[in-house]
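Written out below as structure tokens is the structure these notes cover.
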Amino acid sequence: MTDFLQADFDVRLEWGAQAVEHLAAKADCIVIIDVMSFSTCVSVANERGGVIFPYPWKDASAQQYAAERNAQCAQFDRRFQGPGFTLSPCSLQEMATGTRLVLPSPNGSALTFKAKIHNAAIFTACLRNLNATARACEKYQRILVIPAGEKWPDNSLRPALEDLVAAGGLISRLQNRRWSAEARAAKAVYQNLTLEELADCGSARELIRRGFSADVTLCLQEDVSDFACQLQGEFFTAVS
């Protein structure tokens with residue numbers, strides 16, 4: 001497996017759970033990117049003074065996990081717009097300062113939970129806080145960028161274009177570094193695809209079909225937040 005570790009480079013990129021399993025142990029800093037929509041949810045909540053506890057499973061154990069941490073648990077059902085917190089970033093826009101929320105997600109949240117065992121700083125990033133995340137990562141030497149991707153019905157990885165673009169946007173802001181070929185490829189995608197074109201990707205089309213066009217608009221805002229989102233123990237909080 002050593003051929004695939006990108007060990008000769010400061011900035012590395014690999015997808016999903018396999019990146020955590022095979023590359024995270026050699027990283028000083030891990031950035032997990034799940035644009036639609038875990039990472040965007042965390043950014044919106046942190047910016048409002050809330051804290052987000054990632055959790056991988058959408059079942060009763062998530063509610064127990066929340067209760068043990070004096071936190072709310074986001075609703076699992078995101079099939080329609082309604083009251084309460086969900087994986088819809090728009091549902092978090094009025095979050096009160098100090099809110100503690102467990103946010104189960106099979107992609108970004110699950111990867112964060114898996115990465116916690118490693119001795120690395122962990123961030124989650126999206127399009128809305130690329131500059132802030134790049135600033136927060138400057139002090140680290142070995143940076144692993146993980147686009148989370150989505151799942152096909154058989155639970156295999158579906159590489160998500162929006163995650164690759166955001167990863168490339170972050171990588172393009174990490175200057176004076178040795179980028180792996182995989183990282184350079186993500187950077188090239190970012191530099192050659194507009195946000196208007198990205199709005200036509202599969203993930204965006206799915207959300208729009210389900211009635212979440214406002215979420216797509218929110219997820220495709222670039223550099224509107226001055227805060228990076230860093231895992232502090234069990235929860236993400238804003239860092240400037």
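Here the structure is a predicted model, which means the values were calculated and not measured. Reckoned from all heavy atoms, side chains included, excluding hydrogens, waters and symmetry mates.
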One should read off an interatomic distance between Phe212 CZ and Glu206 CD, to the nearest 0.5 angstrom, of 10.0 Å

Atom OG1 in Thr237, atom CD1 in Ile52: separation rounded to 0.5 Å? 10.0 Å

Please check if the side chain of Asp215 supplies one atom and the backbone of Ser88 the other of a donor-acceptor pair under 3.5 Å. no

Between Ser203 and Glu162, is there a side-chain donor-acceptor contact under 3.5 Å, judged purely by atom types and distance? yes

Using a cut-off of 6.0 Å, state whether more than 12 heavy atoms not belonging to Asp154 lie near its atom CG. yes

Would you please say whether a donor-acceptor pair under 3.5 Å links the side chains of Arg12 and Ser180? no

May I ask you to test the Val20-His118 pair for a side-chain heavy-atom distance under 4.5 Å? yes

Just so I know, are the side chains of Gln72 and Thr99 near enough to count as touching, which here means a heavy-atom distance under 4.5 Å? yes

Quick one: does Lys26's side chain get under 4.5 Å of Leu5's, heavy atoms only? no

So do the side chains of Ile30 and Val145 get within less than 4.5 Å of each other, counting heavy atoms only? no

Sole residue of Ile122, Asn46, Val239 in side chain to side chain contact (heavy atoms under 4.5 Å, CB included) with Gln230: Val239

Carefully, step by step, assess Leu111 and Ile146 under the rule side-chain contact (heavy atoms from CB on, under 4.5 Å). CA-CA 9 Å; Leu111 292 179; Ile146 305 178; 4.1 Å; yes

Answer with yes or no whether the hydrophobic clustering places Phe113 together with Leu23; edges join I, L, V, M, F, W, Y residues whose side-chain heavy atoms lie under 4.5 Å apart. no

Does a side-chain heavy-atom distance below 4.5 Å link Phe38 with Phe236? yes

Closer than 4.0 angstrom, basic N to acidic O: yes or no for Asp223 and Arg128? no

Smallest heavy-atom separation, Pro104 atom then Phe76 atom, equals CG-CE2, 3.8 Å

For the student: nearest non-hydrogen atoms of Ala186 and Leu13, plus distance: CB-CD1, 3.7 Å

Could you check whether any side-chain N or O of Ser91 sits under 3.5 Å from a backbone N or O of Thr86, counting only pairs where one atom can act as donor and the other as acceptor? yes

Taking atom types as modelled and ignoring hydrogens, do the side chains of Gln64 and Glu68 form a donor-acceptor contact shorter than 3.5 angstrom? yes

Pair Val31-Leu144, side-chain contact (heavy atoms from CB on, under 4.5 Å): steps then yes or no: CA-CA 6 Å; Val31 186; Leu144 172 61; over 6 Å; no

Ser105 and Tyr55: side-chain donor and acceptor closer than 3.5 Å? no

Are Leu195 and Leu170 connected into the same hydrophobic cluster when the rule is that any two of I, L, V, M, F, W, Y join if their side-chain heavy atoms are below 4.5 Å apart? yes

State whether a side-chain donor-acceptor pair under 3.5 Å links Arg173 with Tyr190. yes

Distance only, no hydrogens: is a donor on one side chain within 3.5 Å (strictly under) of an acceptor on the other, for Asp34 and Asn107? no

Is Lys151 atom NZ crowded by more than 12 heavy atoms from other residues, nucleotides or ligands, each under 6.0 Å away? yes

Given Arg205 and Asp200, is the salt bridge (charged side-chain N to carboxylate O under 4.0 Å, His left out) satisfied, shown in steps? CA-CA 6 Å; Arg205 283 174 168 261; Asp200 204 31; 2.8 Å; yes

For the pair Met95 and Val44, evaluate side-chain contact (heavy atoms from CB on, under 4.5 Å) and give the outcome as yes or no after the intermediate values. CA-CA 9 Å; Met95 176 179 280; Val44 171; over 6 Å; no

Are Leu164 and Leu193 grouped together when hydrophobic residues (ILVMFWY) are joined by side-chain heavy atoms under 4.5 angstrom apart? yes

Within a strict 4.5 Å, meaning less than it, do heavy atoms of the Val189 and Leu161 side chains meet? yes

Looking at Trp15 and Pro147, what are the two nearest heavy atoms and their distance? CE3-O, 3.2 Å

Can you check whether Thr40's main-chain N or O pairs, donor with acceptor, with Ser37's side chain at less than 3.5 Å? no

Can you name the nearest heavy-atom pair linking Ala136 to Ala228, along with the distance? CB-CB, 3.9 Å

For the hydrophobic clusters of this structure (ILVMFWY residues joined by side-chain heavy atoms under 4.5 Å, transitively), does one cluster hold both Leu92 and Leu231? yes

Would you mind reporting whether Arg184 and Ile171 have side-chain heavy atoms less than 4.5 Å apart? no

State plainly whether one hydrophobic cluster holds both Phe123 and Phe235, where clusters connect Ile, Leu, Val, Met, Phe, Trp and Tyr through side-chain heavy atoms under 4.5 angstrom apart. no

First locate atom CZ of Arg100, then atom SG of Cys73, and finally report the distance between them rounded to the nearest 0.5 Å. 13.5 Å

Straight-line distance of Glu150 CD to Leu157 CG, nearest 0.5 Å: 9.5 Å

Walk me through it: do Leu127 and Gln221 pass the test side-chain contact (heavy atoms from CB on, under 4.5 Å)? CA-CA 6 Å; Leu127 287 165; Gln221 293 176 333; over 6 Å; no

Is there side-chain contact between Phe85 and Gln75, with at least one heavy-atom pair below 4.5 Å? no

If you round to the nearest 0.5 Å, how far is CG of Leu174 from CD of Glu138? 8.0 Å

Does Asn129 reach the main-chain N or O of Ala125 with its side chain, forming a donor-acceptor pair under 3.5 Å? no

For the residue pair Ala71 and Val102, what are the closest heavy atoms and their distance? CB-CG2, 4.2 Å

Can you tell me how far the CD atom of Glu234 sits from the OH atom of Tyr65, to the nearest 0.5 Å? 4.0 Å

If you take all heavy atoms of Leu103 and Cys41, which pair is closest and at what distance? CD2-CB, 3.7 Å

For Thr124 and Ile32, indicate whether the former's side chain and the latter's backbone hold a donor-acceptor pair under 3.5 Å. yes

Do other residues, nucleotides or ligands put more than 12 heavy atoms under 6.0 Å from Arg178 CZ? yes

